[in-house]
Amino acid sequence: MELQAIYQTLGVSPEVFAYGEAALERLRDRFADIDRTAEYNQAKVLRAMQQNRVNATHFAATTGYGYDDEGRDNLERVYAAVFHTEAALVRPQITCGTHALAVALSANLLPGDELLSPVGAPYDTLEEVIGIRPSKCSLREYGVTYQQADLLPGGGFDYEAIRSRINERTKLITIQRSKGYATRPSFSVAGIGELIAFCKSVKPDVKVMVDNCYGEFVETREPSDLGADMVVGSLIKNPGGGLAPIGGYICGTKECVERCAYRLSAPGLGQEVGANLGLMPAFYQGLFLAPTVTAGALKGAVFAANLYEGLGFACVPNAAEERHDIIQAVTLGSREAMLAFCRGIQAAAPVDSYVTPEPWAMPGYDSEVVMAAGAFVQGSSIELSADGPIRPPYAVYFQGGLTWQHAKLGILMSLQKLAEAGLAKLPE
Ligand SMILES: *Cc1c(COP(=O)(O)O)cnc(C)c1O
């Protein structure tokens, strides 16, 4: 009862709290599975740190050129050990996930080469990187062409279409693990492994890059365990564990990663330069926390799907489905319901809890977007956040939560706001 009382001081009514507790009762086995995955991944990260003899000297700040930055170099060895790759590039100079992906693509594609996405359209921000939407400095401007094989209506891989689009110029294949803000399913690591094997059976020397954003540590294996030449992601998502304030990573073969380093800094300089600016403690400790932080976010996503599906709202993935990333889409059906949901997430935040999210026109979107985020790191989406374009079917995309307990509060508050506005009816 004390627990319910403190929730009440935060704005959660006894009815909403009780509805949440009833849903939780049914999730014990799911949560136990998530904890086991976290335990495995925690061990994997610890082993990588122990093997590489992480010690206090690795936390020292460097400035300027950053020559002989042992903390930085060792962090890259730790990442390579976690992802089971030959090499890794993990840098604060990689400003975000899109930047990491742009570096990986532009470093490994030359004029005349072709890029293929066998999983339909890539993430919004990559459209300008590739040149699907014309942009300055796009791959297309540099003479790199692009092809895409769409998914089958049911979300499966269209192997015949993929085979027909692989040609003598196909140099790199890009696979996005998470659905991002699309409605297709996210892919399991096993599924990605099958797709990689198929592509390499058609063309053995083709390289495969996986956009790993939001997928890290959701399963015990990563796409690099199943043949990906590069896995790429953002440190203000899963692998930064909420502590990294900036950064991106590219793990992969020596050949691919070396090219990425040359592209990121300069030909000839590569990984030798790039001061760590005092960020090593956050990068190491964030990686250490990442498996359990990801588990907390996953529990939040599963809890949200169970709560909302029980009230008649469609959820992707649904309440029972296996998870391959931390994103939860909830179809709320109206503008008002989207705003109420986001007000609840915002009200539950440790930072900026008192502000009201308002929809606004964002560059690159054809409708208004509403966002709720009260994060320690601005824009961090491993922290509890929700957003969505205000248009039919009026779905919010919800993700993150540095602790399961905070994710739970956020979801309960979102439901509270919907219930108060008469937009969701709790069962009697
Ligand atoms: C977030 C994300 C990106 C881009 O990352 P930013 O850090 O926002 O630039 C790319 N792909 C996927 C699947 C993502 O989720």
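Given the structure is predicted, the values throughout are model-derived calculations rather than measurements. What you see below is based on every heavy atom in this structure, not just the backbone, and it leaves out hydrogens, waters and symmetry mates.
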Mind checking whether [X] and [Y] have side chains closer than 4.5 Å, heavy atoms only?
{"X": "Met371", "Y": "Pro357", "answer": "no"}
{"X": "Leu115", "Y": "Thr145", "answer": "no"}
{"X": "Leu172", "Y": "Asp113", "answer": "no"}
{"X": "Ser186", "Y": "Ser178", "answer": "yes"}
{"X": "Ile94", "Y": "Leu264", "answer": "yes"}
{"X": "Leu101", "Y": "Val129", "answer": "no"}
{"X": "Ile175", "Y": "Pro223", "answer": "no"}
{"X": "Phe83", "Y": "Val231", "answer": "yes"}

Pairs flagged by side chain to side chain donor-acceptor pair (under 3.5 Å) wherever [range] is involved - sequence neighbours left out:
{"range": "residues 342-353", "value": "none"}
{"range": "residues 239-258", "value": "Asn212-Tyr249, Glu216-Tyr249"}
{"range": "residues 274-293", "value": "Thr62-Asn276, Asp69-Asn276"}

Do we see a donor-acceptor contact under 3.5 Å between the side chains of [X] and [Y]?
{"X": "Tyr214", "Y": "Ser381", "value": "yes"}
{"X": "Tyr40", "Y": "Gln42", "value": "no"}
{"X": "Gln148", "Y": "Asp150", "value": "yes"}

When you look at Asp35 and Lys299, which way does the salt bridge (Lys or Arg N to Asp or Glu O under 4.0 Å) test go after all the steps? CA-CA 9 Å; Asp35 284 333; Lys299 287 178 185 174; 2.8 Å; yes

For the residue pair Lys237 and Tyr123, would you count it as a cation-pi contact if the rule is NZ or CZ under 6.0 angstrom from the ring centre and within 45 degrees of the ring axis?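 Lys237 over Tyr123 ring: yes.
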
Contacts of [X] that satisfy side-chain contact (heavy atoms from CB on, under 4.5 Å) - sequence neighbours left out:
{"X": "Thr170", "value": "Glu114, Leu116, Ile166, Asn167, Ile173, Lys203, Val206"}
{"X": "Ala301", "value": "Arg323, Gln328"}
{"X": "Val144", "value": "Leu109, Leu139"}

Within the 6.0 Å centroid threshold, strictly below: Phe187 and Phe157: yes

Between Phe341 and Tyr394, is the gap from one ring center to the other below 6.0 Å?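 No, the ring centres sit 6.0 Å or more apart.
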
What residues form a side chain to side chain donor-acceptor pair (under 3.5 Å) with [X], not counting sequence neighbours?
{"X": "Ser164", "answer": "none"}
{"X": "His406", "answer": "none"}
{"X": "Lys179", "answer": "none"}
{"X": "Ser117", "answer": "none"}

Would you say [atom1] of [X] has more than 12 non-hydrogen atoms from neighbouring residues, nucleotides or ligands within 6.0 angstrom?
{"X": "Asp205", "atom1": "CG", "result": "yes"}
{"X": "Glu70", "atom1": "CD", "result": "yes"}
{"X": "Arg47", "atom1": "CZ", "result": "no"}

Could you check whether any side-chain N or O of [X] sits under 3.5 Å from a backbone N or O of [Y], counting only pairs where one atom can act as donor and the other as acceptor?
{"X": "Arg72", "Y": "Gly274", "result": "yes"}
{"X": "Asn74", "Y": "Gly71", "result": "no"}
{"X": "Glu219", "Y": "Ala190", "result": "no"}
{"X": "Glu309", "Y": "Ala305", "result": "no"}
{"X": "Arg133", "Y": "Asp124", "result": "yes"}
{"X": "Ser385", "Y": "Glu383", "result": "yes"}
{"X": "Gln271", "Y": "Ala261", "result": "no"}

Sorted by chain and residue number, the ring pair (Phe, Tyr, Trp, His ring centres under 6.0 Å) partners of Phe217 (sequence neighbours excluded) come out as none

Salt bridge or not between [X] and [Y]? Use side-chain N to carboxylate O under 4.0 Å.
{"X": "Arg36", "Y": "Asp33", "result": "yes"}
{"X": "Asp229", "Y": "Lys200", "result": "yes"}
{"X": "Glu128", "Y": "Arg140", "result": "no"}

Output, in order, the C-alpha distance, side-chain angles, deciding distance and verdict of side-chain contact (heavy atoms from CB on, under 4.5 Å) for Tyr262 and Leu269. CA-CA 6 Å; Tyr262 275 32; Leu269 300 183; over 6 Å; no

List the residues meeting salt bridge (charged side-chain N to carboxylate O under 4.0 Å, His left out) with Glu160, not counting sequence neighbours, and say none if there are none.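 Glu160: salt bridge (charged side-chain N to carboxylate O under 4.0 Å, His left out) contacts with Arg163.
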
Verdict with supporting geometry, Val396 and Leu332, side-chain contact (heavy atoms from CB on, under 4.5 Å): CA-CA 7 Å; Val396 289; Leu332 293 165; 3.7 Å; yes

